[in-house]
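All values reported here derive from a predicted model rather than from experimental measurement.
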Amino acid sequence: MASPADFLRSLPYFTTLGAEDLRRIENEIREYSFAKGEILFLEGEPGFGLYVVKSGRIRIFKSSPEGREQVLLIAKRGDSFNDVPAFDGGPNPASASALEPATVYAIPKEALLSLVADCPAAQAIIKLLAARLRHLTTMVEDLSFRSVVSRVAKMLLELAVVSGEPPRLTQDEMAAIVGSVRDVIGRALKALERTGAIKIEGQRVLVIDAEKLRGMT
């Protein structure tokens with residue numbers, strides 16, 4: 001039977017590792033088995049590290065407050081998942097459950113980061129890429145679970161925080177950001193204006209009541 005090190009050596013993350021580094025990772029590996037339907041971890045919990053499927057299939061998904069689900073990945077033997085918190089130190093961006101009886105290897109994030117401990121540039125690049133992947137995961141959640149009005153409200157809040165001034169985007173640009181079309185964005189802005197959360201002045205959108213706007217995200 002293949003050892004964890006033999007299995008890891010076949011994976012993209014670890015193909016270039018030398019014997020010493022691979023042994024160090026192998027010494028930190030934890031192996032877990034799950035029954036069909038069993039939860040591995042939940043979205044928002046502290047991230048333990050990187051997971052690799054040894055056998056079976058794992059479903060990676062996001063859930064809305066109303067109980068709707070969006071599957072992001074079906075991970076099978078040899079696939080890794082939960083890469084983002086393993087590299088950026090944040091919480092789990094999604095939940096995971098076993099689609100069938102499954103066994104996974106869990107590699108602590110500290111063990112992974114030790115591989116690039118002597119290269120600050122590599123650490124910075126990895127953390128940046130993880131942050132961008134986390135952002136893309138959030139975008140999938142927005143498109144799956146939020147209405148256009150909610151997505152526009154969220155976008156306006158984020159732009160106001162980042163720029164510190166009223167957003168100066170065309171409705172076409174807003175549509176591209178939230179994944180909609182110009183006419184629908186126009187109706188969403190009018191709906192937000194009627195609530196008193198924003199005020200439209202030409203091409204400027206003024207956030208009048210941030211709390212009211214936040215309540216609509």
Side-chain angles (χ1 to χ4, degrees), residues 12 41-45 47 58-76 79-97 99 124-217:
F41 53 76
L42 293 173
E43 177 180 351
E45 292 180 340
I58 303 295
R59 181 176 65 115
I60 317 303
F61 64 97
K62 293 186 76 70
S63 301
S64 73
E66 297 76 28
R68 294 170 55 204
E69 293 185 354
Q70 174 65 53
V71 175
L72 303 178
L73 173 70
I74 301 296
K76 59 187 183 304
D79 289 339
S80 63
F81 58 96
N82 223 40
D83 313 54
V84 168
F87 292 115
D88 75 0
N92 299 325
S95 302
S97 67
L99 271 177
I125 292 170
I126 289 170
K127 190 168 184 179
L128 174 62
L129 292 175
R132 289 181 175 174
L133 184 55
R134 185 180 288 276
H135 175 67
L136 291 175
T137 303
T138 301
M139 288 180 65
V140 170
E141 179 181 20
D142 288 346
L143 291 170
S144 299
F145 301 138
R146 296 179 188 271
S147 67
V148 174
V149 171
S150 177
R151 300 204 300 268
V152 170
K154 183 171 182 282
M155 175 196 66
L156 293 175
L157 280 172
E158 291 174 347
L159 289 174
V161 169
V162 171
S163 66
E165 60 182 35
R168 293 178 177 272
L169 297 173
T170 67
Q171 291 185 16
D172 285 328
E173 290 169 333
M174 291 183 185
I177 291 173
V178 303
S180 186
V181 295
R182 186 180 189 281
D183 290 347
V184 176
I185 294 299
R187 292 195 293 272
L189 288 172
K190 290 295 185 183
L192 291 171
E193 187 176 37
R194 286 194 296 271
T195 69
I198 67 171
K199 183 178 181 181
I200 302 172
E201 292 186 349
Q203 290 195 355
R204 295 198 312 168
V205 178
L206 304 179
V207 176
I208 303 301
D209 190 332
E211 285 306 312
K212 185 175 290 186
L213 197 61
R214 190 170 290 109
M216 302 181 72
T217 62

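- For the salt bridge (Lys or Arg N to Asp or Glu O under 4.0 Å) test, residues two or more places apart in sequence or in another chain that qualify with Glu201 are Lys199, Arg204.
- Between the side chain of Arg146 and the backbone N or O of Arg151, no donor-acceptor pair lies under 3.5 Å.
- Side-chain atoms of Thr138 and Lys154, non-hydrogen and from C-beta on, do get closer than 4.5 Å to each other.
- Atom OG1 of Thr137 and atom CG of Leu73 lie 10.5 Å apart (nearest 0.5 Å).
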Below 3.5 Å, can you tabulate the donor-acceptor pairs from side chains in residues 179-197 to any protein atom, sequence neighbours excluded?
unit_1: Glu193; atom_1: OE2; unit_2: Ile200; atom_2: N; d: 3.0
unit_1: Thr195; atom_1: OG1; unit_2: Leu192; atom_2: O; d: 2.6
unit_1: Thr195; atom_1: OG1; unit_2: Ala197; atom_2: N; d: 3.2

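- Qualifying salt bridge (Lys or Arg N to Asp or Glu O under 4.0 Å) partners for Asp83, counting only residues two or more places apart in sequence or in other chains: none.
- Residue Asp88 forms a salt bridge (charged side-chain N to carboxylate O under 4.0 Å, His left out) with just one option from Arg132, Arg134, Lys127, and that option is Arg134.
- Atom CZ of Phe87 is separated from atom CD1 of Ile125 by 13.0 Å, given to the nearest 0.5 angstrom.
- In this structure, Ala130 and Val84 approach most closely via the heavy-atom pair O-CG1, 3.7 Å.
- Atom-to-atom distance recorded for Ile177:CD1 and Leu156:CG is 9.5 Å, nearest 0.5 angstrom.
- Checked options Ile58, Leu99, Asp79, Ile60; the residue passing with Ile74 is Leu99 (criterion: side chain to side chain contact (heavy atoms under 4.5 Å, CB included)).
- For the pair Phe61 and Ser97, the tightest heavy-atom approach, listed with the atom from each and the gap, is CE2-OG, 3.7 Å.
- What you find for Pro91 and Pro85 is that their closest heavy atoms are O-CB, 3.8 Å.
- Here the closest non-hydrogen pair linking Glu211 and Arg214 is OE2-NH1, 2.5 Å.
- Within the 4.5 Å cutoff, side-chain heavy atoms of Pro93 are placed close to those of Asn82.
- Ala75 approaches Phe81 most closely through the heavy-atom pair CB-CD2, 3.9 Å.
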